[in-house]
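Working notes for the structure below.
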There are 2 protein chains.
Amino acid sequence: MARTQGSHAGITGPRLREAALRLFARHGYAAVSMRQIAAEIGVQAGALYLYTPDKQALLFALMRDHLEDLLADWQPPEAAADAQLESFVRHHIRYHLDRPDLVFIAYMELRNLEPANFAVISRLRRDYEARLEAILSRGADAGLFDVADTRLATMALIAMLTGITTWYREGGRLDRATIEARYWDMARRAVAAPVPQPKSAPVAKVGHASGGDI
Amino acid sequence: MARTQGSHAGITGPRLREAALRLFARHGYAAVSMRQIAAEIGVQAGALYLYTPDKQALLFALMRDHLEDLLADWQPPEAAADAQLESFVRHHIRYHLDRPDLVFIAYMELRNLEPANFAVISRLRRDYEARLEAILSRGADAGLFDVADTRLATMALIAMLTGITTWYREGGRLDRATIEARYWDMARRAVAAPVPQPKSAPVAKVGHASGGDI
DNA sequence: GGTTGAATTGAACGCCCGTTCAGATAATCT
DNA sequence: AGATTATCTGAACGGGCGTTCAATTCAACC
């Protein structure tokens, strides 16, 4: 046999990436073979090499594209730092909950990257972290935030937010909007400056609505 | 050749576990071969099977022992919930910073566990999480904490705290005591109830107030 | 409708995998 | 010292790995 009916690069190419993404996320890069990926999309292993130079490039492309998309998809609004922080936090949660497999891979497969690829991915991650740190820094200067160390606060918030993907399941107890609201509430409080007391102080509030299901 | 000079189960056994831990943490379970582990401790691969029934048992034992030790090493003090939370947070940070490889494995290699082993490890993790959740629940009832959802707050705090191990390096910019203090500060503020104001009514607010820093 | 090029197969390459085991040697016991 | 037991080697097992490539078939174009 050789070329099969309906074969088309525009189809097999994307399917390869999808299959690799799903299998890498589920079993880990090292535990997934090219033959398994090929079987998933209904071709022989040799055919994969029309679409990727090797297995490593497959992983690297997934991670790099994910991070570049993440960076391209959000820009800080022109607003006070607290509004920027809210925008960042809500976007981070939404973006990550929409792409659980990519997030998983981007955090778990770092050690399977060859050094040159690792350097690229690390750089992109630092760029992303730098955005949050810039907001915290600006807000601290403005007296909106009370953070003893912006780098620490950055890492703490990102870890907290990204952690959602480790337990969130579609159709679970809480819907996304609720999760987003409650995490934003915790994130805000973790870094917010104490309100100036007695008078004025605009009283915003956060929905504590105990009510909920369970 | 056969038995070698100085060979002794009391030596090779522990060395096997140490080597497996280090290599699994560094390269991942699936990417490490029994032959690599054997080479690390200076024996042939066959000799490893005097100390473990198979590779999977090696991973499982590391994870199980780690979690059992974690659970055994801390009991909530008899105190108010806020003091219990501080004790938990500080212990969590210290314990995890002391065992970076074990922590890494326990979070990253879950998917490489066979189903029966996975069930055991999941159970232990849930037990640990339940301890924090109990504190938050108790503190919320006492009015010390303001958490909309104790489960969410539990997962948020654990993710935030455990995340330290992803960037902490011995001899880095901040020492452990500083990190511990600052993370405890952020964790506390994320869940603390607003201080009861001069007068009545606890005012929950969001700091938009431009006002001064602290 | 014939030609050209894209897409794929299937076999092969050399290598490494987890695990087993008979045989050999060192440590220990009597 | 001799017998016994613990420890390890080295080879082997069947199998899977990533990757390459000539041969083959299908799709697209003239």
Side-chain angles (χ1 to χ4, degrees), chain A residues 1-21 23-24 26-62 105 109 111-117, chain B residues 1-24 26-63 105 109 111-117:
Chain A
M1 278 193 236
R3 182 164 190 173
T4 55
Q5 287 197 18
S7 64
H8 190 33
I11 293 177
T12 305
R15 289 191 66 198
L16 166 57
R17 290 177 60 105
E18 289 159 19
L21 170 59
L23 290 175
F24 287 168
R26 198 113 64 216
H27 308 291
Y29 174 78
V32 172
S33 72
M34 294 298 271
R35 284 173 178 84
Q36 284 174 50
I37 298 172
E40 186 88 355
I41 63 181
V43 301
Q44 294 299 314
L48 302 185
Y49 291 84
L50 289 168
Y51 305 98
T52 182
D54 51 37
K55 189 185 177 190
Q56 168 77 198
L58 213 40
L59 174 64
F60 175 62
L62 287 171
I105 285 177
E109 301 296 354
R111 63 185 166 188
N112 286 309
L113 289 174
E114 289 165 5
N117 292 338
Chain B
M1 278 193 232
R3 181 164 192 175
T4 54
Q5 286 198 19
S7 64
H8 190 32
I11 294 176
T12 305
R15 289 190 66 198
L16 167 56
R17 291 178 57 106
E18 289 159 18
L21 171 59
R22 183 171 51 250
L23 290 174
F24 287 167
R26 197 113 63 216
H27 308 292
Y29 173 78
V32 172
S33 71
M34 294 298 270
R35 283 174 178 83
Q36 283 174 50
I37 299 172
E40 186 88 357
I41 63 182
V43 302
Q44 296 298 313
L48 303 185
Y49 291 84
L50 289 168
Y51 305 97
T52 182
D54 50 38
K55 191 185 176 190
Q56 169 76 197
L58 214 39
L59 175 63
F60 175 63
L62 287 171
M63 295 176 70
I105 285 178
E109 301 297 353
R111 62 185 168 189
N112 286 309
L113 288 173
E114 290 165 4
N117 291 340

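Within every chain, numbering begins at 1; the chains are lettered A, B, ... in the order of the sequence lines, protein sequences first and strands thereafter.
When the C1' atom of C:dG18 is taken as reference, atom CG of B:Asn112 falls 15 Å away, rounded to whole Å. Distance, A:Gln44 CD to D:dA23 C1': 15 Å, rounded to whole Å. Spacing between atom CZ of A:Arg3 and atom C1' of D:dT25 amounts to 8 Å, rounded to whole angstrom units. Between the CZ atom of A:Arg15 and the P atom of C:dA7 there is a distance of 15 Å, given to the nearest Å. Remark: C1' of D:dT19 and CZ of A:Arg35 are 9 Å apart, rounded to the nearest angstrom. In this entry the distance linking CE of B:Met34 with P of C:dC21 reads 15 Å, nearest Å. Here the P atom of nucleotide D:dT20 and the NZ atom of A:Lys55 are 15 Å apart, to the nearest Å. With rounding to whole Å, B:Gln5 atom CD is found 15 Å from D:dT9 atom C1'.
Contact annotation: B:Tyr51 does not reach the phosphate of D:dA6 (side-chain N/O to OP1 or OP2, under 4.0 Å). Here A:Thr12 reaches the OP1 or OP2 of C:dT8: one of its side-chain N or O atoms lies under 4.0 Å away. Distances shown here put a side-chain N or O of A:Ser33 below 4.0 Å from the OP1 or OP2 atom of D:dC17.
As judged by a 4.0 angstrom heavy-atom cut-off over every strand, A:Gln36 is placed among residues touching the sugar-phosphate backbone only.
Residues A:Leu16 and A:Ile41 approach most closely at CA-CD1, 4.0 Å, considering heavy atoms. The heavy-atom pair separating B:Ala31 from A:Asn112 by the smallest distance is CB-OD1, 4.4 Å.
Along DNA chain D, the nucleotide nearest A:Ala47 and the nucleotide nearest A:Ala31 are compared for position; the residue whose nucleotide lies closer to the 5' end is A:Ala31.
A salt bridge is absent between B:Lys55 and B:Glu109; no separation between the charged side-chain nitrogens and carboxylate oxygens falls under 4.0 Å.
The side-chain heavy atoms of B:Ile37 and B:Leu58, taken from C-beta on, include a pair separated by under 4.5 Å.
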